[in-house]
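Contents: one structure, followed by commentary.
Keep in mind that the numbers below use all heavy atoms, side chains included, and drop hydrogens, waters and symmetry copies. Chain letters run A, B, ... following the sequence lines, proteins first, then strands; residues in each count from 1.
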Amino acid sequence: MDEKKGNYRFNEIETKWQKHWEDNKTFKAVESDKPKYYVLDMFPYPSGAGLHVGHPEGYTASDIVSRYKRMKGFNVLHPIGWDAFGLPAEQYAVQTGTHPADTTQKNIDNMRRQIKSLGFSYDWDRQVDTTDPNYFKWTQWIFLKFYNSYFDEETQKAKPIEELSIPDSLSEEDKTKYIDDHRLAYESYAPVNWCPELGTVLANEEVIGGVSERGGHPVVRKPMRQWMLRITKYCQRLLDGLADVDWSHSIKKLQHDWIGKSVGAEVDFKVDGHDAVIRVFTTRPDTLFGATYMVMAPEHELVGAITTDDKKGAVTKYIEDASKKSDLDRTDLAKDKSGQFTGAYAINPVNDEKVPIWISDYVLISYGTGAIMSVPAHDERDFEFATKFELPIIQVVDPPKDAKDVKCFTGDGTAINSGEFTGMSTPEFKEKIAAWLDEKGLGEKAVNFKLRDWLFSRQRYWGEPFPIIHKADGTRIALDESELPLMPPEVEDYKPTGDGEPPLAKATDWVNVTLPDGSKGLRETNTMPQWAGSCWYYLRYTDAKNDAAPFAPDKEQYWLPVDLYIGGAEHAVLHLLYSRFWHSLLYDLGYVKAKEPFQKLINQGMILGEDGQKMSKSRGNVVNPDMVIEKYGADSMRLYEMFMGPLEATKPWNMHGVEGVHRFLTRAWRMIIDEDTGEVSSAVQGAQADEETIRILHQTVKKVGDDVEGFAFNTAISQMMIFVNHMSKQKVRAKDAIEKFVLVLSPLAPHIAEELWQKLGHSKPLAYHDWPGYDEELVKEKEVELAVQIKGKIKDRIVVPAGATEEQIKQKALESEKVIAAMAGAEPRKIIVIKSRLVNIII
RNA sequence: GCCGGAGUGGCGGAAUUGGCAGACGCGCGGGAUUCAAAAUCCCGUGAUCGCAAGAUCGUGUGGGUUCAAGUCCCACCUCCGGUACCA
């Protein structure tokens with residue numbers, strides 16, 4: 001090893017500057033009258049495995065933007081924290097008896113060390129930790145806001161529960177129930193997604209294809225007492241808000257589809273021979289004349305009443321079988337339609353036809369009215385069912401001529417076999433029939449959403465306890481704000497009981513309380529899901545140490561909304577929807593002024609292993625950031641993560657690529673520093689740069705700025721490489737150009753940039769130095785090379801001054817010997833000139 | 001099945017939105033330096049044919065629009081992500 005005094009010693013440089021930034025609190029954000037810019041990272045779960053290379057990708061991108069914006073004169077808020085409640089620490093506790101708080105703290109310490117080693121410009125004084133009582137106190141406080149609010153349909157916003165108008169006719173007991181039925185946090189006893197393996201229930205969003213999102217364990221339906229948040233009240237608001245945010249089309253679409261708005265009509269079908277009515281929801285009221293049977297969900301309340309005696313046995317058995325089916329069975333790919341005839345008939349309101357009433361589990365009790373009218377000619381599911389059970393199929397929509405699938409046509413067309421409506425187009429029919437139904441009192445326009453209320457309780461130890469006490473009479477009381485935080489109890493062991501009783505239930509001293517009136521009460525033993533803490537952490541960052549409020553209003557108003565939010569796309573419908581929901585509540589209650597929390601969202605892509613496979617321990621292709629930093633330095637690590645390709649793309653890791661950017665940094669170092677002396681190279685002089693160098697410099701300043709603004713960091717780095725490749729060849733390197741280069745390099749590779757800046761004689765660090773400007777005129781080439789094509793094929797290239805007129809270009813092109821030869825005496829019919837691009841001669 | 005996104009050299013990826021395909025980096029080949037190597041520097045590097053000048057082909061496939069297509073239109077194939085009977 002030939003160690004020279006002035007080598008690029010990244011380890012020393014990086015340690016030095018990281019210490020400098022920390023000691024001087026360089027990146028502390030203080031509210032001021034400067035324009036603000038809030039750059040947020042999705043905070044990590046501090047796992048025992050530490051960082052993987054995916055974390056630094058998003059964090060590097062956000063750090064580059066933060067540093068760039070500071071140089072552009074913005075007051076930047078760039079915080080980090082820990083989403084530290086969650087299952088792994090609890091499972092470790094079950095196995096070893098270690099308190100989850102101890103594991104969590106250890107993991108946070110390790111991850112903080114890793115993050116610091118990358119030189120990110122976080123304001124460390126604003127760290128949050130969701131498991132810190134000073135934090136979850138306010139998570140519980142927000143829960144109480146949900147509990148103590150209702151949704152006012154009139155104004156479409158939440159209001160304090162005291163403002164709920166209660167019908168006078170109700171008894172005291174019914175009044176309590178009425179209020180509870182309007183709270184935005186409520187208890188429910190409906191069947192839920194129970195995962196025996198995890199020993200807890202899961203939200204709908206956490207169940208993918210019948211198995212748990214985490215771990216892929218089977219999930220069964222089981223009725224249990226649960227806490228729910230009434231997110232469904234916010235469906236329309238959550239949908240509308242998407243118009244105001246700058247997110248990728250695909251993420252918006254994902255949320256849009258998850259909320260799943262359908263506009264249609266509800267229609268009443270009388271049951272023949274009964275005094276009952278079955279209400280159905282349909283998006284195709286124009287196909288009413290084609291309804292040949294009805295289907296109710298097995299759980300529908302009318303099933304028992306209308307089933308005829310001869311069908312009772314079969315129907316009861318079907319209901320039983322359906323209830324035993326797990327979600328997996330119900331969503332099985334090889335789904336074969338099943339069902340039972342109830343023996344009863346309904347009357348189709350448009351034509352008074354008698355249609356049979358069936359039950360089937362392809363109709364879901366939880367959507368719409370739990371019953372449908374079946375139009376097999378124009379709905380694929382109904383078609384499949386009707387075919388299997390040989391039910392009549394009547395066409396009522398004539399497809400347009402170019403339609404292919406005539407057997408079961410689900411598109412728009414022209415009405416046929418539809419009485420007075422025959423001949424109408426589908427959209428017109430929909431309008432007319434809605435009015436017709438309304439007039440006859442048979443139905444009305446209706447809107448349905450796929451989104452369900454959010455199952456908000458988990459049977460776990462390591463989560464926020466609910467600030468709720470159950471009284472002996474079945475009612476409950478909420479803790480007062482002054483009693484927060486409610487700490488979780490210490491327990492002997494952390495094992496779930498297996499029958500759904502949460503671990504907290506074991507702490508009897510904690511569970512049993514005596515209320516002020518002397519009566520006995522039991523604490524709620526469920527805990528909140530991990531999502532709770534992440535729903536509002538971006539607000540806490542604005543005022544992380546406030547112990548009188550979750551955050552001060554003026555701080556929120558200064559910093560919100562988040563201008564740039566970077567994180568993984570896997571949170572498209574979970575975290576991002578939940579936190580928008582919480583934000584909406586806080587907005588309604590006047591705690592925040594910003595309508596939407598996250599203005600711009602960028603999703604970084606996944607980084608694959610060197611083998612092109614997903615990184616995982618079992619594949620043995622995991623890249624450890626610590627190793628990369630040790631061997632090549634944090635600046636190389638940062639640069640490579642950005643150089644790999646577009647931020648949002650999925651791309652494989654390649655260690656040779658890290659070497660490549662490391663070589664670039666070393667070249668940049670040697671361009672400025674004499675390796676023998678460690679001082680600024682004698683080639684760097686206060687001279688005027690030549691024209692070409694000035695042009696490349698200005699091109700570089702422009703491109704790096706534009707590319708950082710556009711999150712195209714890979715091409716920004718390419719341009720800096722072009723600059724270094726050029727400048728390194730110069731015997732005399734203008735100091736002015738060198739300094740501007742160091743400034744544009746600094747957001748991406750801050751340690752080496754600060755070191756070079758200091759070596760160049762500056763006593764003040766460059767972190768808040770003005771971003772260099774460029775001159776648009778100097779960016780332009782003086783002479784341009786044009787391709788000369790004949791009929792689109794390139795024959796020659798000519799060089800013309802940048803300002804050449806079309807005539808001059810034409811003339812020069814026609815003078816080219818190769819062009820003359822290729823034209824072989826033919827006359828040009830037309831000459832197309834694209835300035836600074838090409839000339840195309842048509843003969 | 002449906003909904004998104006993407007297919008460009010040996011590899012990662014560029015390409016001012018219709019205007020010279022392959023910037024930049026990796027890898028590879030050759031050379032300089034060196035006792036030798038590493039490091040560094042220089043040159044070359046889409047394919048085919050040719051000694052060569054050069055020619056032909058080339059952005060998943062097949063058609064089309066255009067003076068001009070990686071970019072626009074139609075049909076299809078493959079991969080990745082989301083979703084799972086929501087009436």
Side-chain angles (χ1 to χ4, degrees), chain A residues 1-2 7 208-210 248-254 256-258 260-262 264 280-284 287 295 327 330-333 335 337 360-364 366-375 378-382 384-385 410 448-452 569-570 572-573 603 605-606 608 610 612 614 639-640 643-646 648-661 663-664 666-667 670 675 703 706 712 714-722 725 728-729 785-794 797 829-843:
Chain A
M1 278 261 246
D2 185 15
N7 280 355
I208 311 288
S248 75
H249 170 74
S250 65
I251 296 284
K252 282 192 186 187
K253 184 96 170 60
L254 241 40
H256 180 273
D257 291 352
W258 189 264
K261 182 180 184 178
S262 299
V280 303
F281 172 72
T282 176
T283 53
R284 293 297 301 270
T287 60
V295 186
D327 270 17
R330 264 177 104 133
T331 61
D332 196 358
L333 281 168
K335 56 198 154 205
K337 294 268 185 299
S360 170
D361 65 1
Y362 87 91
V363 173
L364 309 172
S366 50
Y367 184 76
T369 60
I372 61 158
M373 65 174 201
S374 273
V375 185
H378 306 291
D379 182 286
E380 279 170 33
R381 297 150 302 180
D382 297 346
E384 207 183 303
F385 191 84
T410 58
N448 260 296
F449 294 93
K450 280 207 301 197
L451 187 69
R452 309 291 152 80
E570 66 274 19
V573 290
N603 300 112
M606 212 195 323
L608 305 172
E610 299 219 46
K614 211 174 201 163
L639 227 43
Y640 177 63
F643 190 62
M644 292 172 79
E648 306 199 55
T650 302
K651 45 219 177 271
W653 188 270
N654 178 358
M655 217 39 103
H656 289 301
V658 187
E659 284 168 28
V661 292
R663 265 200 286 272
F664 158 69
T666 309
R667 273 207 309 279
R670 285 200 310 262
E675 287 195 290
K703 185 154 178 62
D706 290 354
N714 54 334
T715 48
I717 295 166
S718 297
Q719 183 61 40
M720 291 193 288
M721 288 171 168
I722 291 169
N725 288 346
S728 297
K729 286 181 194 139
E785 193 188 64
L786 307 183
V788 182
Q789 302 178 327
I790 292 181
K791 290 195 298 184
K793 297 226 185 263
I794 295 162
R797 289 170 216 282
R829 282 197 292 129
K830 195 177 170 189
I831 302 177
I832 294 155
V833 177
I834 307 294
K835 284 242 177 88
S836 78
R837 290 270 133 200
L838 54 73
V839 181
N840 194 2
I841 301 167
I842 318 302
I843 52 171

Spacing of [X] atom [atom1] relative to [N] atom [atom2], expressed in whole Å:
X: A:K651; N: B:rC80; atom1: NZ; atom2: C1'; result: 14 Å
X: A:N603; N: B:rG5; atom1: CG; atom2: P; result: 14 Å
X: A:I794; N: B:rG22; atom1: CD1; atom2: P; result: 9 Å
X: A:E570; N: B:rG81; atom1: CD; atom2: C1'; result: 11 Å
X: A:Q789; N: B:rG18; atom1: CD; atom2: C1'; result: 12 Å
X: A:R452; N: B:rA84; atom1: CZ; atom2: C1'; result: 13 Å
X: A:D257; N: B:rG82; atom1: CG; atom2: P; result: 14 Å
X: A:Y367; N: B:rA87; atom1: OH; atom2: P; result: 4 Å

Which value, in whole Å, describes the distance between the [atom1] atoms of nucleotides [N] and [M]?
N: B:rC67; M: B:rC72; atom1: C1'; value: 16 Å
N: B:rU71; M: B:rA21; atom1: P; value: 13 Å
N: B:rA69; M: B:rA53; atom1: C1'; value: 30 Å
N: B:rA6; M: B:rC57; atom1: P; value: 29 Å
N: B:rU65; M: B:rG18; atom1: C1'; value: 12 Å
N: B:rG19; M: B:rC26; atom1: C1'; value: 30 Å
N: B:rG44; M: B:rG10; atom1: C1'; value: 16 Å
N: B:rG13; M: B:rC51; atom1: P; value: 38 Å

Flag side-chain contact, heavy atom, 4.5 Å: [X] against [Y]:
X: A:Y640; Y: A:E659; answer: no
X: A:M720; Y: A:I722; answer: no
X: A:V788; Y: A:I841; answer: yes
X: A:L608; Y: A:T650; answer: yes
X: A:N714; Y: A:M644; answer: no
X: A:I832; Y: A:Q789; answer: no

* Run the side-chain hydrogen bond (donor to acceptor under 3.5 Å, both in side chains) check on A:S728 and A:R670 step by step: do they pass? -> CA-CA 8 Å; A:S728 297; A:R670 285 200 310 262; over 6 Å; no
* Under 30°, 30 to 60°, or over 60°: which ring-plane class applies to A:F385 and A:Y362, parallel, tilted or perpendicular? -> tilted
* Asked: Just to confirm, is there a sub-4.0 Å distance from OP1 or OP2 of B:rC57 to any side-chain nitrogen or oxygen of A:K793?
  -> yes
* **Phosphate-side-chain proximity, A:Y362 and B:rA87, N/O vs OP1/OP2 below 4.0 Å** =>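 Negative; the distance criterion is not met.
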Need one value for [X]: base, sugar-phosphate or nothing, where a base atom within 4.0 Å counts as base even if backbone is also close, heavy atoms only.
X: A:D382; result: nothing
X: A:K830; result: nothing
X: A:K729; result: sugar-phosphate
X: A:I834; result: base

Selection from [options] that lies nearest to any side-chain heavy atom of [X]:
X: A:N840; options: B:rG19, B:rG4, B:rG13; result: B:rG19
X: A:S718; options: B:rG4, B:rG19, B:rC24; result: B:rC24
X: A:W258; options: B:rC85, B:rU83, B:rA68; result: B:rU83
X: A:I832; options: B:rA87, B:rC67, B:rA23; result: B:rC67

* Structure fact -> Given the 90°-from-0 boundary between syn and anti, B:rG64 should be labelled anti
* Could you walk me through whether A:S248 and A:N603 pass side-chain contact (heavy atoms from CB on, under 4.5 Å), step by step? => CA-CA 8 Å; A:S248 75; A:N603 300 112; 4.2 Å; yes
* **Consecutive-pair stems (3 or more, Watson-Crick or G-U, under 3.5 Å) for RNA chain B** =>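 Paired runs of 3+ in RNA chain B: B:1-7 with B:77-83, B:10-12 with B:24-26, B:27-32 with B:40-45, B:46-49 with B:54-57, B:60-64 with B:72-76.
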* Asked: Could you give the distance from NZ (A:K261) to CG (A:L451), rounded to the nearest 0.5 Å?
  -> 13.5 Å
* Asked: Nearest nucleotide by nearest heavy atom, which residue falls closer to the 5' end of RNA chain B, A:T715 or A:E785?
  -> A:T715
* **5'-most by nearest nucleotide on RNA chain B - A:I717 or A:M606** => A:I717
* Does A:K614 use its side chain to pair, donor to acceptor, with the backbone of A:M606 at less than 3.5 Å? ->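 Judged by distance alone, no pair lies under 3.5 Å.
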* Apply side-chain contact (heavy atoms from CB on, under 4.5 Å) to A:K450 and A:W258, showing your working. => CA-CA 7 Å; A:K450 280 207 301 197; A:W258 189 264; over 6 Å; no
Distances under 3.5 Å between nitrogen or oxygen atoms of protein and nucleotides 25-27 of chain B:
unit_1, atom_1, unit_2, atom_2, d
B:rG25, OP1, A:N725, ND2, 3.0
B:rC26, OP1, A:R663, NE, 3.0
B:rC26, OP1, A:R663, NH2, 2.9
B:rG27, OP1, A:H656, ND1, 3.4
B:rG27, OP2, A:R663, NH2, 3.4

